[in-house]
Amino acid sequence: MDEKFTKPYDPRATEARIYTEWEKSGHFAPKKDGEPFAMMMPPPNATGVLHIGHALGLTLEDILIRYKRMRGYAALWLPGTDHAAIATQAKVEKEINKKEGKHRHDLGREELLKRIGVFVKESRAIIEKQIRVLGASCDWSREAFTLDAARRSAVNTLFKRMSEAGLIYRGSRIINWDPRGQTTISDDEIVHEERPGKLYTLRYAKDFPIAIATTRPETKVGDVAVAVHPEDARYREFVGKEYDAVFCDVPIHIKIVADAAVDPAFGTGAVGVTPAHSYTDWEIADRHQLSHEVVVINELAKMAVSGRLKEKKTNEAREIVVEWLKAEGLLEKEEETLQNIATAERTGGVIEPLPKLQWFVDVNKEVPGRGKSLKQLMLEPVRSGQIRIIPEHFEKTYFHWLENLRDWCISRQIWYGQQVPVWYKGEEAVVGEEPASEGWVQDEDTLDTWFSSGAWTFSTLGWPEATEDLKKFHPTDVLETGYDILFFWVARMILMSEFALAEIPFRTVYLHGIIRDAEGRKISKSLGNNIDPVETVGKFGADALRMALVVGNTPGMDSRIDEEKIRGYSRFANKLWNIARFILEQSAQVGIRIRESAPGRSAESYYPSPTFPPELAGTREWKGLEVLTKDVTKDLDEFRMYVAAEKIYHYVWHELADKILEESKPILNAADQAARQSRAALLRALLGRALKLLHPFMPFITEEIYQSLPAKDAEFLMIANWPVI
RNA sequence: GGGCGGUUAGCUCAGUUGGUAGAGCACACCCCUCACACGGGUGGGGUCACAGGUUCAAGUCCUGUACCGCCCACCA
């Protein structure tokens with residue numbers, strides 16, 4: 001028996017070494033033959049370090065890929081990182097500001113990008129190391145980055161083809177402007193906060209016939225209409241009439257329109273319509289051919305009007321307007337209310353809706369050759385079951401989101417990211433590649449990071465080239481990710497893949513929940529309750545962390561983790577270590593037969609291992625393990641990793657150790673040599689099988705023990721055959 | 001306002017197609033027995049939120065109620 005077994009199991013002495021051996025062996029890459037099984041790693045943001053949520057995802061993915069690899073698939077798990085445009089730029093800008101007191105405009109575009117480039121390179125190196133520490137058996141030879149040359153080329157092509165298909169357009173539309181980040185953001189990057197506010201009831205002028213209610217009186221200088229409900233008898237006589245007024249020094253022209261979007265029961269039942277600074281008002285203006293041009297707030301969230309409001313911040317302007325209303329006797333009511341404020345997720349800035357010239361993806365227009373809109377193409381594969389979402393109820397959430405989906409604004413006014421591939425010269429514009437002639441200027445905006453990561457399932461496989469990988473591995477099989485990016489990412493991947501390849505990006509979507517701390521609180525920087533996966537691995541080992549993350553972690557459900565749970569599984573690792581020690585000791589003592597492999601006989605013919613005497617197949621112990629094998633296999637096939645992990649744990653500790661080993665002691669200590677040998681062989685076979693079943697979950701310790709077995713059926717447990725019954 | 005979850009042992013959670021309630025931790029008592037004290041043995045503890053219904057049988061299916069949570073949504 002190996003000397004190492006005399007000491008308690010120490011993951012620190014084994015994990016790094018084993019990972020290196022695996023990686024060197026080349027078995028992380030899919031083998032040449034066999035049915036393909038592919039999974040893309042959700043690329044972590046290149047903004048620093050991995051958190052415990054990443055560890056959960058990586059563990060689940062690694063369990064799946066290891067299982068499939070052992071089942072004989074050409075298993076591809078492709079790793080990568082995401083440039084995470086806004087998040088990354090914001091982080092680097094913040095650091096520069098803190099250290100040097102400089103802003104991005106002090107540095108200039110080129111210098112800032114250089115600095116971000118350095119930061120991202122470091123971040124990526126850290127992340128790659130962390131992924132290894134967790135034992136992730138991904139194919140590093142195919143590693144991708146959302147902003148490397150191949151991915152840039154894919155995104156350019158995608159942009160060009162979508163433009164040619166008429167699905168990308170540039171237009172002045174109302175967008176979510178983040179004055180703090182000085183950029184547009186998508187609907188999904190907004191978080192709503194409930195804050196106390198005031199609801200003012202006012203008139204534009206003394207002789208104006210209708211009072212309106214608003215929480216933002218300062219925007220009223222941008223009003224072009226008052227909308228009332230068509231059925232509202234109170235105001236019917238005014239519909240169609242037009243009025244002029246001077247509101248707080250600003251001349252305004254107001255038309256009364258009837259629109260069903262107005263709730264007659266709210267406020268006065270009349271809404272001041274500010275098309276340039278409100279989504280719903282923009283739509284009302286559309287329906288009544290009203291002007292969108294009256295812009296009264298600029299990108300710095302200051303008033304873009306003349307008079308006393310000139311250049312005032314919106315909150316200052318509000319006070320001025322209210323004073324003016326009071327002085328003029330136009331304020332009829334002032335009530336306390338709660339209002340939902342839209343804020344930018346990344347910067348916390350209060351969103352100011354503004355019309356701006358932006359690039360959009362049209363989700364309602366028919367895709368040429370498909371006879372359907374992108375929205376429909378996103379909907380159908382999920383509805384038909386071609387794409388399966390686990391847990392199933394997220395399909396409803398997905399449909400609900402799609403129903404409310406608007407055109408996707410894909411341009412961002414930040415510098416880090418892939419620049420919009422459009423070049424202008426005077427009135428001319430060229431999409432795709434920079435023209436050879438001189439005088440062309442590229443669009444200054446960059447693309448939403450999800451435009452690039454939306455192409456992840458195929459840009460990673462070499463698209464637009466018709467590569468072997470693309471042919472073999474797309475559509476991919478499983479996408480494992482957190483439910484919090486179902487809309488951001490999963491939906492966009494379906495859109496992109498349907499457009500670019502006219503096929504689904506993946507067959508199964510497995511959504512894991514959010515990891516919370518022991519008190520059930522979300523992990524956050526401000527709470528300081530982060531559990532650093534690498535630190536934890538250093539303390540308890542990757543195997544223990546993986547088990548703690550996976551056991552009982554049902555898809556779509558949030559889960560809690562604390563050190564006690566992880567410690568429990570590090571004890572389990574030690575338990576397994578001692579089980580191995582005992583069995584190897586006993587088999588060495590009594591001696592068990594190892595059948596020599598003969599030419600022409602494959603390892604599989606030594607079912608289930610070279611030391612397995614066929615007569616043991618009928619024993620109660622072996623049959624019990626066969627049942628477990630069947631169960632675990634079925635659980636993994638049906639994505640119940642959380643159940644499978646627990647079952648094996650329970651088997652190893654409470655069946656194999658507590659019962660079988662204890663029952664074996666008298667037999668092994670008796671005089672009957674044949675009985676002793678037979679029992680030792682049985683234990684040896686049980687151990688071998690248990691190691692295989694446990695390997696996807698606890699890859700390091702199982703591999704380490706496997707390497708000490710007197711007879712192995714493969715070079716590494718990682719590529720040994722999964723027992724199939 | 002719309003949608004989606006959750007409510008099972010003191011705590012954290014499982015419970016796959018309906019068939020007499022499970023795990024881990026914690027707790028109580030015993031044991032340093034020659035694989036392991038990072039251990040072993042024994043044991044206590046639940047009217048499965050509530051109210052109806054379907055069924056021979058419901059934690060599991062249906063209806064409703066309460067509480068907790070999440071997501072979406074600019075009643076201005």
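Note that the structure is a prediction, hence the values are computed from the model and not measured. Just so it is clear: chains get the letters A, B, ... in the order the sequence lines come, proteins before strands, and each one is counted from 1.
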Any strand counts, and the cut-off is 3.5 Å on both contacts for Watson-Crick or G-U wobble. Which nucleotide pairs with B:A21?
none

How many Å lie between NE2 on A:H192 and C1' on B:C70, as a whole number?
16 Å

Gap in Å between the two P atoms, one belonging to B:G15 and one to B:A35, rounded:
38 Å

Quick check: on RNA chain B, is the nucleotide nearest A:P264 upstream (toward 5') of the one nearest A:N669, or the reverse? Name the residue that is more 5'.
A:N669

Which one is paired to B:C27, where only Watson-Crick or G-U wobble pairs with both distances under 3.5 angstrom count?
B:G43

Spacing of the P atoms in B:C4 and B:A21 (rounded, Å):
32 Å

May I ask you to evaluate whether A:K396 reaches the phosphate of B:G5, defined as a side-chain N or O under 4.0 Å from OP1 or OP2?
yes

Among B:A76, B:C36, B:G5, which is the nearest nucleotide to the side chain of A:T215?
B:A76

A:E218 has an atom CD; how far is it from atom P of B:A76, in whole Å?
13 Å

Which nucleotide in B:C36, B:A14, B:C71 has an atom nearest any side-chain atom of A:N578
B:C36

Looking only at atom P, what distance separates B:C36 and B:G44, rounded to whole Å?
30 Å

Test your reading of the model: is there a side-chain donor-acceptor pair from A:R679 to the backbone of A:I667, 3.5 Å cut-off?
no

If the condition is salt bridge (charged side-chain N to carboxylate O under 4.0 Å, His left out), which residues does A:E704 pass it with, not counting sequence neighbours?
A:K4, A:R17

Got a sec, which residues hit side-chain hydrogen bond (donor to acceptor under 3.5 Å, both in side chains) with A:E218, two or more places apart in sequence or on another chain?
A:R216, A:R318

So what does A:A213 hit on the nucleic acid, given a heavy-atom distance under 4.0 Å: a base, only sugar-phosphate, or nothing?
base

Given RNA chain B, 5'-ward residue of the pair A:E638 and A:G552, judged by closest heavy atom:
A:G552

Using atom C1' of each nucleotide, how far apart are B:C68 and B:C50 to the nearest Å?
15 Å

What contact category does A:L661 fall into here, base, sugar-phosphate, or nothing, at under 4.0 angstrom with non-hydrogen atoms?
base

Under 3.5 Å donor-acceptor pair, A:R560 side-chain atoms to B:U12 base atoms
no

Closest of B:U16, B:C71, B:C75 to the A:T280 side chain is B:C75

Name the pairing partner of B:A37, where a pair is Watson-Crick or G-U wobble with both distances under 3.5 Å, or state none.
none

Whole-Å distance between B:G5 P and A:Y483 OH?
13 Å

Provide the Watson-Crick or G-U wobble partner of B:A14, both distances under 3.5 Å; none if there is no partner.
none

How many whole angstroms separate atom CG of A:D631 from atom C1' of B:U16?
10 Å

Taking any heavy-atom pair under 4.0 Å as a contact, classify A:K665: base, sugar-phosphate, or nothing.
base

How far does CG of A:L693 sit from OG1 of A:T629, to the nearest 0.5 angstrom?
4.5 Å

For A:S291, check side-chain hydrogen bond (donor to acceptor under 3.5 Å, both in side chains) against everything at least two apart and list the hits.
none

Over all atoms of both residues, closest heavy-atom pair of A:Y642 and A:P555
CE2-CD, 3.6 Å

Complementary nucleotide for B:U7 - Watson-Crick or wobble, under 3.5 Å:
B:A66

Would you say the side-chain atoms of A:D635 pair up with the backbone N or O of A:M641, donor to acceptor, closer than 3.5 Å?
no

State which residues pass side-chain hydrogen bond (donor to acceptor under 3.5 Å, both in side chains) with A:T214; sequence neighbours excluded, sorted by chain then number.
none

Can you tell me how far C1' in B:U8 sits from the matching atom in B:C13, rounded to whole Å?
9 Å

Can you pull the salt bridge (charged side-chain N to carboxylate O under 4.0 Å, His left out) pairs that have at least one residue in residues 660-672 of chain A, sequence neighbours excluded?
A:R620-A:E663, A:E662-A:K665

So which nucleotide from B:C4, B:G6, B:A73 ends up closest to the side chain of A:H393?
B:C4

Summary of salt bridge (charged side-chain N to carboxylate O under 4.0 Å, His left out) pairs that have at least one residue in residues 486-495 of chain A, sequence neighbours excluded
A:D188-A:R492

Heavy atoms only, 4.0 Å cut-off, all strands: where does A:G568 land among base, sugar-phosphate and nothing?
nothing

For the atom pair CG (A:L354) and CG (A:N298), what is the distance rounded to the nearest 0.5 Å?
8.0 Å

Would you say A:H192's side chain and A:I341's backbone share a donor-acceptor pair under 3.5 angstrom?
no

Quick note, A:T214 side chain, CB onward, closest among B:A76, B:A23, B:C71 is B:A76

Remember a base hit wins even if backbone is also touched, and classify A:T554 as base, sugar-phosphate or nothing at under 4.0 Å, heavy atoms.
sugar-phosphate

Quantified in whole Å, what is the C1' atom distance between nucleotide B:G45 and nucleotide B:G22?
14 Å

Measure the distance from CE on A:M641 to C1' on B:U16 and round it to the nearest whole Å.
14 Å

Under 4.0 Å from any atom of RNA chain B, heavy atoms only: list the residues of residues 255-263 of chain A that qualify, in numerical order.
A:V262, A:D263

Counting any heavy atom closer than 4.0 Å, what does A:Y642 reach on the DNA or RNA strands: base, sugar-phosphate only, or nothing?
sugar-phosphate

Close residues, residues 508-520 of chain A, relative to RNA chain B [heavy-atom separation under 4.0 Å]
none

With P as the reference atom in both, quote the distance from B:G3 to B:U65 in angstrom, rounded to an integer.
13 Å

For A:K634, salt bridge (charged side-chain N to carboxylate O under 4.0 Å, His left out) partners two or more places apart:
none

Scan for salt bridge (charged side-chain N to carboxylate O under 4.0 Å, His left out) pairs involving residues 511-521 of chain A, sequence neighbours excluded, and state none if there are none.
A:R516-A:D558, A:D517-A:R521, A:E519-A:R521

Can you check the A:I579 CD1 to B:C36 P distance for me, whole Å?
12 Å

What pairs meet the salt bridge (charged side-chain N to carboxylate O under 4.0 Å, His left out) rule with one or both residues in residues 255-277 of chain A, with sequence neighbours excluded?
A:D259-A:R287

Nearest-angstrom distance, C1' atom, B:C30 to B:C56
46 Å

Nearest whole angstrom, please: distance from the C1' of B:A76 to the CH2 of A:W282.
18 Å

What is the distance from NE2 of A:H400 to P of B:G1, rounded to the nearest Å?
14 Å

Which parts of nucleotides 37-43 of chain B does protein reach within less than 4.0 Å, heavy atoms only, written one letter per nucleotide 5' to 3' as B for base, S for sugar-phosphate only and - for none?
-BSSS--

